[in-house]
Amino acid sequence: MKNRYIVIVVVFSLLLLLPFTVQTVVDLQGEKRFRSLDIFKDLVYTPFKRQADLSVAADTLAARWTAAREAIAGGAETSDALEPVIGSLSDLESAALTVNAYAELDSGESGYKLLKKADTLLSALEDEPETFPAVDSALKAVIAEFSGISLVKAFHDIKHYGIWTSRYLRAFEKKVEDENALVLAVRPRYQLAVWKMLNDPGEKVVLANRGLEEGSDPWLFYRQDVEFLVQASPMDVRSAKLDNPISAITKFRDQLKEKNVELLVVVVPGKPSIYPEVLTGKDLSTVVKGAVGPQFGHGKRILDSLTALGFNTVNLYTPLWDAKAEDDSLGALYLNDDTHWTPRGAELAADLIYEKVLRMMADGVVDLGPETMDYVAFDSLADRMGDIGEMSGLNKFNTFKIQQVTGHVVSQQTVTERVVPRAPADSSVQDSVVYDTTRTPFKDDFRKSKILILGDSFSRIYQTDAPVNAGWISHFAKNMKRPVASIVSDGGASTLVREKMARKAGVLKGKKLLIWEFVERDLRFGAEGWKTVEF
């Protein structure tokens, strides 16, 4: 009996070690994917190497700041003198923010806050020379924090960011799942077998074809989008362990007000909120508009709560629902096997956000100044391989079809007037006027824009991927006839995109309006929750 237990334990241990053993062999053969021994390297080597790198970076910053101070005192241009200092501070940030292979420095750490403060003050020094003492003090604090090799800090990193912490293990586990050679070889074939035998597209995907015409391509829904609707509201007592999104949004609004920036909140409905009939098969054509109305879920209720609390908000739910009436002639508002909207849905959102900003301007809530740009749009086809299909792992077997969409690519247009003089010998002919038209691709303008957009993949789709510059951001800019700037984090609009913004020194300089777009499921499932981010 005991021998049987020993055999079971040995076999189980070998199975546990198999993925790491296979990956180690692959690594030794020169493949560059997941490094099996990173976990040991991060325990005995990385913390001490990081301390050495930080010390060198801090010493370099100190030397360059001293040189910059002397140059400025000698009459040199401030921007030229500060350029090497900015580069050194950026190098120090890069070394500090990445603690090891799988953990990033927490935004609550004192070192993080010192770096961000110094970064922000340094970026403003050129335009605000009176802040020189504050910059000097901040940089000296940063240098004191990171100079010298500290074993105490190395062991702090091991304790709070090491292999036994949840933040490390979660990232490590995800790396194993996504990039381990054995997993990459076996998982697709397993998923294909399950699909063929059970018609199961995988744990992240919900397959639905109810309510669609017979013979239509099936629709795929992201399971988290569905779970968001059927689980308790993030504001329910049963969700007490979750971060409170309204508290985080309120804090963010107050932070922005201190910098004279207005906040506009845009909650994007998930596909199941707009097309529940495809999931349930229930005929919703009998819903009487204005009498019963569509029964939206938690996302709309939280949006309504924000509106009641005095926030500037945009309601996309009702307009998108009403727009379904024209699907037969104009096409659906969301892609078949993707979480995101079609170009039609994105452009409708851009129009609604534009109308809200116009009302805010008319009511004196925000002053964006005069229109300064002209934009034009032209059609462009793009092939979309849906992200939900990719999540299923079945797209590599051509299980789901590529969907072709027509986007409208936005370009900036400049028309200049040029006078062509008449021929000197012909007095009967007057000078003629010629209009030259030039078009340049749409791009973010952080320097001139008074509008900053924070968003997730709903802001990225069609904007930075095919057909490019056809997303809601560029169409909003076209409507506004003003430049805009954007910071986008796929799947991270609850906290990660604000942390990304906080790392960009001076990003709010000159801004009057911040538009914060996030999909409704992030109210429960947002990456890193709904933290307070200092900036």
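On a predicted model such as this, the values are computed, not experimentally measured, just so you know.
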Look at [X] together with [Y] and state whether they make a salt bridge at an N to O cut-off of under 4.0 Å.
| X | Y | answer |
| --- | --- | --- |
| K204 | D225 | no |
| D465 | R384 | yes |
| K531 | E528 | yes |

Strictly under 6.0 Å, is that where the ring centroids of [X] and [Y] end up?
| X | Y | value |
| --- | --- | --- |
| W472 | F458 | no |
| Y102 | F172 | yes |
| W195 | F397 | no |

Has [X] got its NZ or CZ under 6.0 Å from the middle of the six-membered ring of [Y], at an angle within 45 degrees of the ring axis?
| X | Y | answer |
| --- | --- | --- |
| R253 | F311 | yes |
| K159 | Y161 | no |
| R521 | Y222 | no |

Any luck finding a side-chain donor-acceptor pair between [X] and [Y] under 3.5 Å?
| X | Y | answer |
| --- | --- | --- |
| Q463 | S474 | yes |
| E262 | N312 | yes |
| E520 | Y317 | yes |
| D157 | N100 | no |
| T46 | D42 | yes |

### Message
According to salt bridge (charged side-chain N to carboxylate O under 4.0 Å, His left out), does anything in residues 468-491 pair up with another residue at least two apart or in another chain? List the pairs.
### Response
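Listed by first then second residue: R460-D490.
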### Message
Per the salt bridge (charged side-chain N to carboxylate O under 4.0 Å, His left out) rule, what does the pair list look like for residues 295-314, sequence neighbours excluded?
### Response
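As it turns out, the salt bridge (charged side-chain N to carboxylate O under 4.0 Å, His left out) pairs with a partner in residues 295-314, which skip direct neighbours, are K300-D304.
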Return all side-chain donor-acceptor pairs below 3.5 angstrom for residues 330-339, not counting sequence neighbours, or 'none' if the list is empty.
residue, atom, partner, partner atom, Å
Y334, OH, P269, O, 2.6
N336, OD1, W219, NE1, 3.2
D338, OD1, H340, N, 2.9
D338, OD1, H340, ND1, 2.6
D338, OD2, D387, N, 3.0
T339, OG1, D387, OD2, 2.7

#### Entry: Step-by-step side-chain hydrogen bond (donor to acceptor under 3.5 Å, both in side chains) determination, W530 to T495
CA-CA 6 Å; W530 290 82; T495 292; over 6 Å; no
### Query
Could you give the distance from NE2 (H408) to CG (D379), rounded to the nearest 0.5 Å?
4.0 Å
